[in-house]
Structures are given as structure tokens and as C-alpha cells.
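A quick write-up on the structure given underneath.
Because the structure is predicted, anything quoted here is derived from the model rather than measured. FYI, the numbering just counts along the sequence from 1.
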Amino acid sequence: MPTDTKHTETGSTDPHANDAAPYGGGDPYADYRAGDFPFTELVDLADRRLGAGVIAANDEFFAERENLLIREPAVFDPERFGHKGKIMDGWETRRRRGADAAHPFPAPEDHDWAIVRLGTPGIVRGIVVDTAHFRGNYPQRVSVQATSVDGAPGPQELLADDVKWEELVPPTPVRGHAANGFEVTGGRRYTHIRVCQHPDGGIARLRVHGEVVPDPAWLAALGTIDLISILNGGTYEDASDRFYSSPAQIILPGTSRKMDDGWENRRRRVRDTNDWVRFRLPAQGAVRAVEIDTAYLKGNAAGWISLHGRDGDTGEWFEIIPRTRLQPDTPHRFVLDTEAVVTHVRLDAYPDGGVARMRLHGSLTEAGAAELARRYEASAS
């Protein structure tokens, strides 16, 4: 069910009850209807930076399907038109028609669809269907299905009759020019999402928030891995400050591309305090080397850092890396004298400042590998 039902006219008989007012000039986001969805604190499994992609759609006449996963908010230029009409920053299909002149409206079951390969398989906890700038041309309803198919299947394999798609969101009315959020229950692991527009229309952005469930056989085959990477099941838990950018970006794959593609906090003014961020590993692991990168953070990198770990939710914190000076816009590498067996780590920044990326190189312990295998098997049924 949508998490913002108090704003969604699900019981109205007016088919235009959820329309936004026509664009009247000025800031196109001035009348945008945002939502506050707790699940958005979780990783976006459909993030392009994790390898997600929109691999197929039945129609994209007015606007390309790939726009669904652009990280930045949708933009609107009232003067921008092309040969097919208004150019929109989203996925927009043509207007569906009925069978003949006597039946001009599409049949009740008619709909358009797009299939999204998640960047990493995981358990879906919430979905945001953003219809920004689609004021009178948004879908009347949306639905979302999910499936789990190993390997790298193409559209034909995913649309085969033997592939089982499970309904995460039944056909539900949505609002135009708004963030429409849907909380998802259940603990299944999925690899692909299919979003449907009933009967047609446009969606600006799609976000699929949840928890990464890595394949333990893959991690075992790799041997030494980044134990804190989102792709391997690392999770951001909490931080002292997230003023400029999300601390979760520290554990994204790849290198930072610009200053806000990491964690930057505000300037700390209270003496004898510092900023910090805490992460959870996918399971108990043995850390043997650490990387701290301050790429693109030049006048605002953390001055010093320290790293602590603990084993278990109630374990005592212990020092992994003592307070150490950082250089701006520089990768830093630390080989540990003794491996650190941990389930959680806390990165402290003194007194404040940014960190672009952190890597914890090591491997799961025997107990950690067994725990991850149990969770993996449980999420497949």
C-alpha cells in the first residue's frame, strides 16, 4: 500500500482527483508534493552506480526508459519540444487507444511496462514512483512486480512463461507531480523489478530501496573482498552529521567523481567533539587492510581520522587505526599488523570534514560465512 494515503485520493470517483495544477511559471518544484518515507534511508538497489539498468520497455515514444534511474531530480524546461512533442525528463509512453471507434478507451487490463535490473540482488523494503513534472500525463495507477533470475538474463528470458513475477505493489492510484511511496513487506531476494503504468503515461524517477543480500559462494570465490562495500552487503547505520551528502556514499563502488559523491558534514564548532559514521558488515569478517580516500575534498577533507571496530551488536569498541592525519584529495592505505575481527566499524573524523570512500579489505570468518549462507537461503524461499 502507498505510505502517503492521506494525500492520495484512492476512493475518489473523479479520475482527475490526483492531477497537479498546470505549470504556471517560476520554480517548477514549488508545488511538488514530496513524501517522507523512512525506507529511503536504505540503499537504492536500482542505483546506476551499483550496476542497475532499465533493460526493456514496451513503449518509450515520448521519453526514454533510461531516465528512470538518473540520480539527480527530474528537470523541466517548458520551452523544450521535439519532433514527437514535449521533451520530458522521465519515461513516457504514448496515449493508449481502444479497439475501435465504438470503444475509444483502452481496456481495463491494458498497461505499459519497464523492466529494471537491480544493481545488486536484495530484499525490497520500499519503492518510490516519482511523477515530477507529469501533471496531467502521469499514469492513473501503477503496479510493481519482482522476480529472481540468476545470471544475466535478457528481456526474452525474463518475459518467458516459466518466469514467476511476484506482486509487490498492486495496481494503485498515484498523484501527478509527486513522490509516491510504497512500503513493501516480505523477505524475498529479487534481481529484477517490473514497473507498470495503467493504462499509460509518464514516470520521472524510480527508486527501489532495500537490503543487499550477496551470494556467499561468489564472495568465497573472490577470497579477499571489500567487506564494507554496498555490493557485498555492507550497510550504513548512523552518523553524527549528514548535512551536505549521505555518509552511505562512502561505501559505494568505484571512485568518487566529484565533491558531493562522498560524505561531507557541516563545520563543527563545539570543541572536544568530532563527527563519526557507523557501518555494519554483511557478517563477521577479518579486516587486514584499509583504504581511506579523500578524492575531490580539498579544503574540506577530514583533518584526522580514526577507525574502531566491534564484534557483535553489544561488543566493546576497539581501535583498528589510531588518530591519523589525512591529506586532501588523496587515497590513503593502511596495512594492519593484526587482522581485526569485526561485525561493525566506526569511522571518526576530527574535528569534521569529508571522506570520499572507505574500503575494508579482508574476508568473512568461518562463522560469518555460515551466517551469511543462512540468510541467503532464507531470502530465496
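In terms of modelled atom types and a separation under 3.5 Å, the side chain of T131 and the main chain of H177 share a donor-acceptor contact. For T294 (side chain) and T330 (main-chain N/O), a donor-acceptor pair under 3.5 Å exists by modelled atom type. A donor-acceptor contact shorter than 3.5 Å links the side chain of H209 to the backbone of L42. No donor-acceptor pair under 3.5 Å is formed between the side chain of N232 and the backbone N or O of S229. Listed for the R242 side chain is no donor-acceptor partner under 3.5 Å among the backbone atoms of S246. At distances below 3.5 Å, at least one donor-acceptor pair connects side-chain atoms of K86 with backbone N or O atoms of D77. Judged purely by atom type and a 3.5 angstrom limit, R288 has no side-chain atom pairing as donor or acceptor with the backbone of T338. The backbone N or O of G51 lies less than 3.5 Å from a partner atom in the side chain of R117, making a donor-acceptor pair. The closest donor-acceptor contact from the side chain of N18 to the backbone of V174 lies under 3.5 Å. Listed for the N67 side chain is a donor-acceptor partner under 3.5 Å among the backbone atoms of G90.
We find the CG-CG distance between L281 and D311 to be 10.0 Å, quoted to the nearest 0.5 Å. Distance check: D313 CG to E237 CD gives 7.5 Å after rounding to the nearest 0.5 Å. Taking CZ of R188 as the reference point, atom OG of S379 lies at 8.0 Å (rounded to 0.5 Å).
For the side chain to side chain donor-acceptor pair (under 3.5 Å) test with Y138, the passing option among D200, D19, N180 is D19; the others fail.
Annotation: cation-pi pair K84/F61 present, NZ/CZ under 6.0 Å from the ring centroid and within 45° of its normal.
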(request) Evaluate salt bridge (Lys or Arg N to Asp or Glu O under 4.0 Å) for D260 paired with K258, printing each intermediate quantity in order. (result) CA-CA 6 Å; D260 66 347; K258 50 193 175 113; 3.2 Å; yes
(request) Could you please spell out the steps behind the salt bridge (Lys or Arg N to Asp or Glu O under 4.0 Å) verdict for D261 and R357? (result) CA-CA 9 Å; D261 190 15; R357 294 289 188 271; 3.3 Å; yes
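In the displayed structure, R325 atom CZ is contacted under 6.0 Å by more than 12 heavy atoms of other residues, nucleotides or ligands. In this structure, E316 places its CD atom where only 12 or fewer heavy-atom neighbours from other residues, nucleotides or ligands lie under 6.0 Å away.
Side-chain atoms of R49 and Q249 form a donor-acceptor pair, as typed in the model, at a separation below 3.5 Å. Side-chain contact annotation: T343 with Q284, donor-acceptor N/O pair under 3.5 Å absent.
Among residue pairs with one or both ends in residues 88-108, those qualifying as salt bridge (Lys or Arg N to Asp or Glu O under 4.0 Å) are D59-R94, D89-R205, R96-D112; sequence neighbours excluded.
The shortest side-chain heavy-atom distance between D47 and L69 does not fall under the 4.5 Å cut-off. Contact annotation: the side chain of V184 never approaches that of R125 to less than 4.5 Å [non-hydrogen atoms, C-beta and beyond]. When side chains are defined from C-beta on, D130 counts as touching Y32, because their heavy atoms get closer than 4.5 Å. L206 has its side chain out of reach of V128: every pair of non-hydrogen atoms, C-beta onward, lies at least 4.5 Å apart. The shortest distance between side-chain heavy atoms of V341 and T365 falls below 4.5 Å. Between F105 and H103, the closest side-chain pair of non-hydrogen atoms is not below 4.5 Å. The closest side-chain heavy-atom distance from M88 to F62 is not below 4.5 Å.
Ring geometry for H332 against F334 counts as parallel: the plane angle stays under 30°, on a 0 to 90° scale with 60° as the upper cut. Taking the six-membered ring for Trp and thresholds of 30 and 60 degrees, H111 and H198 have ring planes inclined between 30 and 60 degrees apart. Relative ring orientation between H133 and Y29 is described as perpendicular, the plane-to-plane angle rising above 60° on a 0-90° scale split at 30° and 60°.
Side-chain heavy-atom separations under 4.5 angstrom define the hydrophobic clusters, and the remaining members of the one that includes L158 are I55, W113, I115, V149, L159, V163, W165.
R346 and D348 are joined by a salt bridge, as a carboxylate oxygen and a charged side-chain nitrogen come within less than 4.0 angstrom of each other.
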